[in-house]
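Read the numbers this way: they start at 1 and go in the same order the structure lists the ligands and their atoms. Here the structure is a predicted model, which means the values were calculated and not measured.
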Amino acid sequence: MIKLQPYLLPVIALVATGISSPLFSQKTSVKDIDARVEALLVKMTLDEKIGQLHQVPGDISTGTDVAKDDLLTQIKAGKVGSILSHTNFDNKIAMQRAAVGTRLGIPLIFGFDVIHGYKTIFPIPLAQAASWDMGAIERAERIAAEEASADGQNWTFSPMVDVSRDPRWGRVMEGAGEDTYLASRVAVARVRGFQGDDLSKNNTLAACVKHFAGYGFAEAGRDYNTVDMSEQRLREIVLPPFKAAADAGCATLMNAFNVLNGVPASMDKHLLTDILRGEWGWKGMVVSDWNSFGETIIHGAATDEADASAKCLSAGSDMDMAGGTFQKGLKKALESGRVTQAQIDEAVRRVLRLKFSLGLFDDPFRYLDPKRRAATLEKPEYRLAARELAANSMVLLKNEGGLLPLRPDGPFKKIAIIGPLADSRSNKNYMSFWTLGLGDVSQYDTTKVVTPGMALKSSLEEAGFEVTITEICFNADCTEKDFSAALKATAAADLTIVCVGETGIDCGESRSVTDLNLKYNQEIIMKIAARGNMPTVMALFNSRPMTFQWASENIPAILVCWQPGFEAGNALADIITGAVNPSAKLPVTFPRSVGQVPIYYNALSTGRPQQQQGQMWTSGYLDSPTSPAYPFGFGLSYTTFSYSDIKLNKTKLRTGETLEVSVTVSNTGQHAGEEVVQLYIHDPAADIARPVKELKGFEKIKLDTYESKTVTFRLTEQDLGYWNHELKFKADPGKFKVFVGGNSRDVKEAGFEIVR
Ligand code: GLC
């Protein structure tokens, strides 16, 4: 006797009553999706079509009886095509049942911000980028997709691929940093992880590359602020990660909130039609950001909902997230002739095509199987993956005298762990704003976070160390008198680990800052720890590049931990004990001070580059060097690596040929380790000024002690080209420089030329 799952009853009922709607026929195959879309479209009323373009934020509290919500009423009336940010599984079943019970039974699609894990929380995206490990990033998204799809989500609003050079901007934590090439590689890894090889499988999610476009260049680093840039910079720096995601088959794309060169991105025909659908031939579905259609009115670029609807739809945007602008204005826009029925139908086609490709018409409850949910969420191996990626994301900036890793046979026996983030149980720490506000609290049970105190105490005591933990207040009222316990703890210790930084909600959307220094007198805590040259390790828990000039000059060991997620403490302990040799590299420049921002490695030379501070009549500052505190691509290991001179297979590159750039990397230290070998180029004589370096390749390699490996990169003219002032993409004949090294500053150099 097959026990019928209650949630399948409506589907069976529909089929049993002979409604042999094509919706529930044999499994949807890609090739007949268009035919089934057309077959459905012709049956739909205008209201049903507008309903499909309307996405409603689900009631994100758990336990609320959806039946009482007008949400259910709207769904039954065919007014809703998608729900976002809903975490209650049973509610999702009820909502889907309501949708399937409508006249045409069009299922809902459930969207959610799966940004760095779903139930098992991984390091923030910027941290993951610091691993430079595309396989690990893809695996992290695969796990996130397994969990989210098992919990009824079909669609994630990720990857965020906004390149940014401004750590004042809170959303720098959500992307892959300042470099276009790295951001493009990460974008592909994330799309592959989410979407797998078949969107109709019940363990894959539709991805959504965002925010299109230019959001990371908000003036003054202030979120949602104006973006103004040349088309040349847009095409060279901003668009390639979107193109990479689109080419990787990303199913959807999200508008940005900002104006780009005066035009709100949601109504930017040049972006959405000329480039995205025209030049790139992308056929996916575009969703607005939260009410970004309605905000075109606030931007002052639309008069009312009808005008906003007309401008956004005709520009190439399809679905209205959380704003209700289409609900209020699209019919009026049609009646007044500002949009055509054909334009509305095309947007509806894209929504229906997405739902068919997810298999939602074949089985609307495919992602709502309680058995799969129970068997999938928070598998132990998921936490292991999170721990491994968190450790491989932590960047070692300093390690004077080989202070780390702590060795049981070493000079230190008594370890004091102090600081506001030494053992915090607050749900704000080691995580991000994404794991707080959107889901209900049970969505991210932060009691599951392993704190530094927990992990370090158990792992170090197991190794024979004596460990004390002293938490310190973490707010603006903290003063030196609050630090007496820390003072005492460090006095009784041989070495101190100071856990400082920012909370997970000090950064992220709508969380820009004007000051990158450590807040709440944390520098005093470090001075206490390091007084009298006490051996001290600074463990920084940060979401963005921060400035800590005193620590850089006085603390012998500094580790950037980022916001590591659930396995924060275990990952830190793995690094501190040497169970994991740090291998991460900065995906963003760390400035000396906020006054240097924007500061990034792939800058132009200027006509007066400064060689040293104080050199007059050159591009520099009176009060600071122009160099950053730590450059892009930088990160130390517990071992050392040496690089041979670069070998080229040719020094003259002709059209159609491939340049091979080889270097032999040797592990010259006492620890096995991993090195991210980075390849940069420079075009010193082009039609326009070109960046002094541009990342064009990288490879993360493992080397045992004293082992060597030869790494070979391959470059073609396509890799050497750029968008010139006529907006043509081309590579110039003439000399080029090529650099290889373990970061963007300390490199070997060679030369070649393109000849015609
Ligand atoms: C937010 C964000 C966007 C997110 C959306 C849904 O405002 O800008 O990235 O996907 O709303 O939460």
Distance-only N or O hit between ligand 1 and [X], under 3.5 Å:
X      : answer
Lys210 : yes
Glu174 : no
Ser85  : no
Arg171 : yes
Glu509 : yes

Could you tell me whether Tyr215 approaches ligand 1 through its side chain, its backbone, both or neither, with non-hydrogen atoms closer than 4.0 Å?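 Neither; no heavy atom under 4.0 Å.
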So which bit of His211 gets within less than 4.0 Å of ligand 1, heavy atoms only: side chain, backbone, both or neither?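 Side chain only.
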Any side-chain donor near an acceptor of the partner, [X] and [Y], under 3.5 Å:
X      : Y      : value
Thr589 : Glu178 : yes
His116 : Glu174 : no
Glu295 : Tyr224 : no
Thr252 : Trp155 : yes
Trp169 : Asp223 : yes
His211 : Asn255 : no
Asn203 : Glu146 : yes

For Met160, is the nearest heavy atom under 4.0 Å from an atom of ligand 1?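 No, Met160 has no heavy atoms under 4.0 Å from ligand 1.
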Trp434 touching ligand 1 at heavy-atom level, < 4.0 angstrom: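 So Trp434 counts as touching ligand 1.
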Below 4.0 angstrom from a heavy atom of [X], which ligand 1 atoms are there? Numbered from 1 as shown, please.
X      : value
Phe157 : 10 (O)
Met254 : 3 (C), 10 (O)
Met321 : 5 (C), 6 (C)
Phe257 : 7 (O), 8 (O)

Could you point out which residue of Lys283, Arg277, Arg349 forms a salt bridge (charged side-chain N to carboxylate O under 4.0 Å, His left out) with Asp318?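 Between Asp318 and the candidates, salt bridge (charged side-chain N to carboxylate O under 4.0 Å, His left out) is satisfied uniquely by Arg277.
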Would Arg171 count as a cation-pi partner of Tyr215, with NZ or CZ less than 6.0 Å from the six-membered ring centre and within 45° of the ring normal?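 Output no; distance or angle outside limits.
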